[in-house]
Amino acid sequence: MARRGRKKGGPRYKRVVLSLPKRLYYVLNGIAMGDERKLNRLIKGILEDKLMESTVGELELYLGRAEEEEKEAIQEEEHPQA
């Protein structure tokens, strides 16, 4: 009888750190009534819903916008306007 390979150990999900603007954080924290678990569940739900509705093309546009904003920020740092 053939042996099956072992499954990898460790957590089932990858941990992601997310930076939010303070204002948005306070709004979401208020909705979650200050409970960190509820806040994490709320953020996870929002992201999952958005990802389910988005196409790959739309998600790639987000990447393109982020790259353009980074380039603009670098150019402004190199050539500040007086």
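For reference, positions follow the sequence shown, starting with 1.
- Residue Glu36 places its CD atom among 12 or fewer non-hydrogen atoms of other residues, nucleotides or ligands, all under 6.0 Å distant.
- Cluster annotation: Leu61 is not connected to Leu47 through the hydrophobic network of ILVMFWY side chains, with a link wherever side-chain heavy atoms come within less than 4.5 Å.
- Here the CE atom belonging to Met33 is positioned 10.5 Å from the CG atom belonging to Leu42, to the nearest 0.5 angstrom.
- Lys44 NZ to Arg41 CZ: the interatomic distance, rounded to the nearest 0.5 Å, is 9.5 Å.
- Between Glu53 and Glu58, the shortest heavy-atom contact is O-OE1, 4.0 Å.
- In the hydrophobic clustering of ILVMFWY residues, with side-chain heavy atoms under 4.5 Å counting as a link, Tyr62 and Leu51 come out together.
- In this structure, the side chains of Asp35 and Asn29 stay at 4.5 Å or more apart for every pair of heavy atoms.
- Considering only heavy atoms from C-beta on, Leu18 comes within 4.5 Å of Leu20 through its side chain.
- Taking CD from Glu68 and CZ from Arg65, the interatomic distance works out to 9.0 Å, rounded to the nearest 0.5 Å.
- For the atom pair Leu59 CG and Lys50 NZ, the distance stands at 8.5 Å (nearest 0.5 Å).
- Counting only heavy atoms from C-beta outward, the side chains of Leu39 and Ile31 never approach each other to under 4.5 Å.
- Rounded to the nearest 0.5 Å, atoms OG (Ser19) and CG (Leu24) are 11.5 Å apart.
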